[in-house]
Amino acid sequence: MIAQRSLSGLAWAQLLGVAVLWGGSFLTIRLALNDIGPHWVVAYRCLGAFVILAAYVALRRMPVPWSGRFLLSCLALGVLGNIIPFSLITWAQITVPSGLASILNASTALFGVVVAAIAFADERLTPRRLIGVAVGFAGVITVIGPSLLHSLDPTSFGQLALIGSSISYAIAGSLGRVIGRGVAPQILAAGMLGGSAVVGGAVALITEGGPPMPGATSGLAILYLAVMATAVAYLVYYKLLATAGAGNTSLVTLLVAPLAVLLGALVLEEALPARAFAGFAGIAIGLLILDGRILSRIPLRRPGKG
């Protein structure tokens, strides 16, 4: 059995750093929406992040596969991994509190397991994974609440949009596994953001008209989204993947939502219902079961043994 890689002090700092950057994205999205439409928020975010990552790739002189197939793959990955989920999350936050949006976004890992099981033979749903997914989805249902079953309002549609964004992220994750073989993740991230910037700009022009001039607050929010929550977070995340492994890096999912909830409460004075916290607990337990390390450390007594 391959030993689980442990997290060093530096890796823990990087993990917390990515969680802080992504946790802050929900607050800054809400601030950017004060005077900019959701599609332009997404377009500005993708364009800014692409410029930074493209400069990084150029300065490092990393070899880029300029084939038509790779460029089309980046375009498809950009739509599924950025444009659709970014747009759904941003639109949803017009009516959904930022903390609640972050909690529902944690379901991405659950959908990722299901999509990977469908797409890849080596990602099958074991009994433990099935239990983890079931517990996690029970948490998602708890977060949404029973009101969705008998009435639909803007907040309900927003919550459904957030679930849709998680599904899109999950599909993009499996697609990225296929497309990214033999390609440096930084190059793949720059390529998908380039495709996202083109598509996002076109969608924003068609739906919201010419590019708006951000105000001071929304401009700083978009700058944070592009530079910190996307470009810098991607670079740190992929470095962490290489040094700490996918299993350890997946723990970031459990750290993002609490930080986003805290920021929403402190800055926006958001108050979430009790079911949101109960549901997040269910999602967190489901993710821990999927991770498997907690269960593996629980000593199990064999029958007949004292």
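Values in this document were obtained by computation on a predicted structure and should not be read as measured data. FYI, the numbering just counts along the sequence from 1.
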Counting distance only, does the side-chain N/O of Trp40 pair as donor-acceptor with the main-chain N or O of Gly209 below 3.5 Å?
yes
What pairs with Leu10 under side-chain contact (heavy atoms from CB on, under 4.5 Å), at least two apart in sequence or on another chain?
Ser8, Gln14
State, yes or no, whether a side-chain contact exists between Gln159 and Leu100 at a heavy-atom distance under 4.5 Å.
yes
For Ala92 against Gly158, the heavy-atom pair lying closest together:
CB-O, 3.3 Å
Roughly how far, to the nearest 0.5 Å, is the CG atom of Leu290 from the CD1 atom of Ile131?
10.0 Å
Does any donor atom in the side chain of Gln93 or Ser98 lie under 3.5 Å from an acceptor atom in the other side chain?
no
With a 4.5 Å cut-off on side-chain heavy atoms, are Phe70 and Leu188 touching?
yes
Output field: ring centroids Tyr234/Tyr56 closer than 6.0 Å
no
Kindly say whether Trp22 contributes a backbone atom to a donor-acceptor pair with the side chain of Ser25 at under 3.5 angstrom?
yes
Can you check whether Ile187 reaches Pro65 side chain to side chain, under 4.5 Å on heavy atoms?
yes
Answer with yes or no whether the hydrophobic clustering places Ile103 together with Leu268; edges join I, L, V, M, F, W, Y residues whose side-chain heavy atoms lie under 4.5 Å apart.
no
May I ask whether Tyr238 and Leu235 are part of the same hydrophobic cluster, defined by side-chain heavy atoms of I, L, V, M, F, W, Y residues being less than 4.5 angstrom apart, directly or through others?
yes
Within the structure provided, determine whether Phe111 and Ile163 are in side-chain contact (heavy-atom separation under 4.5 Å).
yes
How long is the gap from OH on Tyr224 to CG on Leu31, to the nearest 0.5 Å?
11.5 Å
Within a strict 4.5 Å, meaning less than it, do heavy atoms of the Phe157 and Trp91 side chains meet?
yes
Does Thr90 reach the main-chain N or O of Ser87 with its side chain, forming a donor-acceptor pair under 3.5 Å?
no
Answer yes or no: is there a side-chain heavy-atom contact under 4.5 Å between Arg45 and Ile29?
yes
Which atom names give the shortest non-hydrogen contact between Ser107 and Ser166, and what distance separates them?
OG-OG, 3.1 Å
Can you get from Leu254 to Val143 by hopping between Ile, Leu, Val, Met, Phe, Trp and Tyr side chains that sit under 4.5 Å apart?
yes
Under 4.5 Å between side-chain heavy atoms, counting indirect links through other Ile/Leu/Val/Met/Phe/Trp/Tyr residues: same cluster for Val232 and Leu263 or not?
no
Is the shortest side-chain heavy-atom distance between Phe120 and Val178 below 4.5 Å?
yes
Assess, by modelled atom type and distance only, whether the side chains of Asp35 and Ser218 contain a donor and an acceptor separated by less than 3.5 Å.
yes
Specify the closest pair of heavy atoms between Gly176 and Leu77, including all atoms of both residues, with the distance to one decimal.
N-CD1, 3.8 Å
Check whether Tyr44 and Leu53 end up in the same hydrophobic cluster, where Ile, Leu, Val, Met, Phe, Trp and Tyr are linked by side-chain heavy atoms less than 4.5 Å apart.
yes
Under a 3.5 Å distance rule, please check whether Thr230 uses its side chain to pair with a backbone N or O of Leu225 as donor and acceptor.
yes
Are any of the side-chain heavy atoms of Leu33 and Arg30 separated by less than 4.5 Å?
yes
All heavy atoms of Val115 vs all of Ser174, minimum pair found to be CG1-OG, 3.5 Å
